[in-house]
Amino acid sequence: MQISARGDYAVRAALSLASAYPSLMSAQAIALDQDMPRKFLEAVLADLRRAGIVRAQRGAEGGYTLSQPPRDVMIGAILRAVDGPLAGVRGLRPEQTRYEGAAENLPRLWVAVRAAVREVVDEVSLAELVSGRMPAHIRKLTARPDAWESR
């Protein structure tokens with residue numbers, strides 16, 4: 001799975017908002033907190049607002065905040081808000097793929113890949129990520145000897 005810059009920025013911005021929740025943060029404050037370009041961040045925040053993950057308040061005292069408590073916002077929802085479905089195969093959802101011959105069982109693998117990604121990003125909330133107290137199955141994955149090695 002490839003996490004886009006947009007997805008990375010969206011999760012990082014949401015983590016800043018989770019740390020400040022329920023207070024408002026300006027786009028400038030988030031950009032400084034996370035060392036991001038403000039204009040790109042504003043586009044990401046607009047996507048998160050349209051998805052209902054953040055809300056914006058205008059005015060001198062305005063800014064952004066999460067629409068729900070951080071414990072209720074899952075990382076997968078943030079990634080989908082800015083990048084669409086988590087797993088795609090040539091623009092199709094995994095269950096929409098069809099192959100013949102030796103590759104006829106490949107759709108099952110693509111569906112399994114999507115399910116594995118969901119088991120991580122749909123089960124970790126902003127609150128858990130901010131606190132570092134992630135679910136046991138996530139901690140177990142990161143504790144594996146090869147987890148931090150690139151292949």
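- No donor-acceptor distance shorter than 3.5 angstrom exists from the side chain of Thr65 to the backbone of Leu24, with no hydrogens or angles considered.
- Here the OG atom belonging to Ser26 is positioned 11.0 Å from the CD atom belonging to Glu61, to the nearest 0.5 angstrom.
- Atom CG of Leu41 is separated from atom CD of Gln28 by 9.5 Å, given to the nearest 0.5 angstrom.
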Sequence neighbours left out, cut at 3.5 Å: what donor-acceptor pairs do the side chains of residues 100-112 make with other protein atoms?
residue: Asn105; atom: OD1; partner: Arg108; partner atom: NH1; Å: 3.1
residue: Trp110; atom: NE1; partner: Tyr99; partner atom: OH; Å: 3.2

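- To the nearest 0.5 Å, atoms CG (Asp72) and OG (Ser67) are separated by 11.5 Å.
- A search for salt bridge (Lys or Arg N to Asp or Glu O under 4.0 Å) contacts involving Arg50 returns Asp47, not counting sequence neighbours.
- Counting only heavy atoms from C-beta outward, the side chains of Arg80 and Asp122 approach each other to under 4.5 Å.
- The line from CG of Asp83 to CG of Asp8 is 10.5 Å long, rounded to the nearest 0.5 Å.
- Under the 3.5 Å distance criterion, the side-chain polar atoms of Arg118 are left unmatched by any main-chain donor or acceptor of Arg114.
- Checked by atom type and distance alone, the side chain of Arg6 never pairs as donor or acceptor with a backbone atom of Ile3 at under 3.5 Å.
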Carefully, step by step, assess Met74 and Val121 under the rule side chain to side chain contact (heavy atoms under 4.5 Å, CB included). CA-CA 7 Å; Met74 300 298 153; Val121 298; over 6 Å; no

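- The minimum heavy-atom distance linking Ala18 with Leu66 is given by the pair CA-CD1, 3.7 Å.
- Within the structure, ring-ring contact (aromatic ring centres under 6.0 Å, His included) contacts touching residues 1-24 (residues at least two apart or in different chains) are Tyr9-Phe40.
- Heavy atoms only, all atoms of each residue included: Val89 and Pro94 are closest at CG2-CA, 4.5 Å.
- Counted within 6.0 Å of CZ on Arg12, heavy atoms from surrounding residues, nucleotides or ligands total more than 12; the atom is thus considered enclosed.
- At a threshold of 4.0 Å, the pair Asp146-Arg151 counts as salt-bridged, since one of the basic side-chain nitrogens sits closer than that to a carboxylate oxygen.
- A pairwise comparison of heavy atoms in Ile53 and Ala81 identifies CD1-CB, 3.8 Å as the closest pair.
- Atoms CG and CZ, on Leu45 and Arg55 in that order, are 13.5 Å from each other to the nearest 0.5 Å.
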For residues 131-143, please give each side-chain donor-acceptor pair under 3.5 Å, one per line with the distance, not counting sequence neighbours.
residue: Ser131; atom: OG; partner: Ala127; partner atom: O; Å: 3.2
residue: Ser131; atom: OG; partner: Glu128; partner atom: O; Å: 3.1
residue: Ser131; atom: OG; partner: Arg133; partner atom: N; Å: 3.1
residue: His137; atom: NE2; partner: Glu119; partner atom: O; Å: 3.0
residue: His137; atom: NE2; partner: Glu123; partner atom: OE1; Å: 3.1
residue: Arg139; atom: NH1; partner: Met134; partner atom: O; Å: 2.4
residue: Thr142; atom: OG1; partner: Arg139; partner atom: O; Å: 3.0

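- A distance of 9.0 Å separates CG in Leu126 from OG in Ser19, rounded to the nearest 0.5 Å.
- Within the structure, the ring-ring contact (aromatic ring centres under 6.0 Å, His included) test picks out no pair touching residues 42-97 (sequence neighbours left out).
- The list of ring-ring contact (aromatic ring centres under 6.0 Å, His included) pairs with a residue in residues 67-88, not counting sequence neighbours, is empty.
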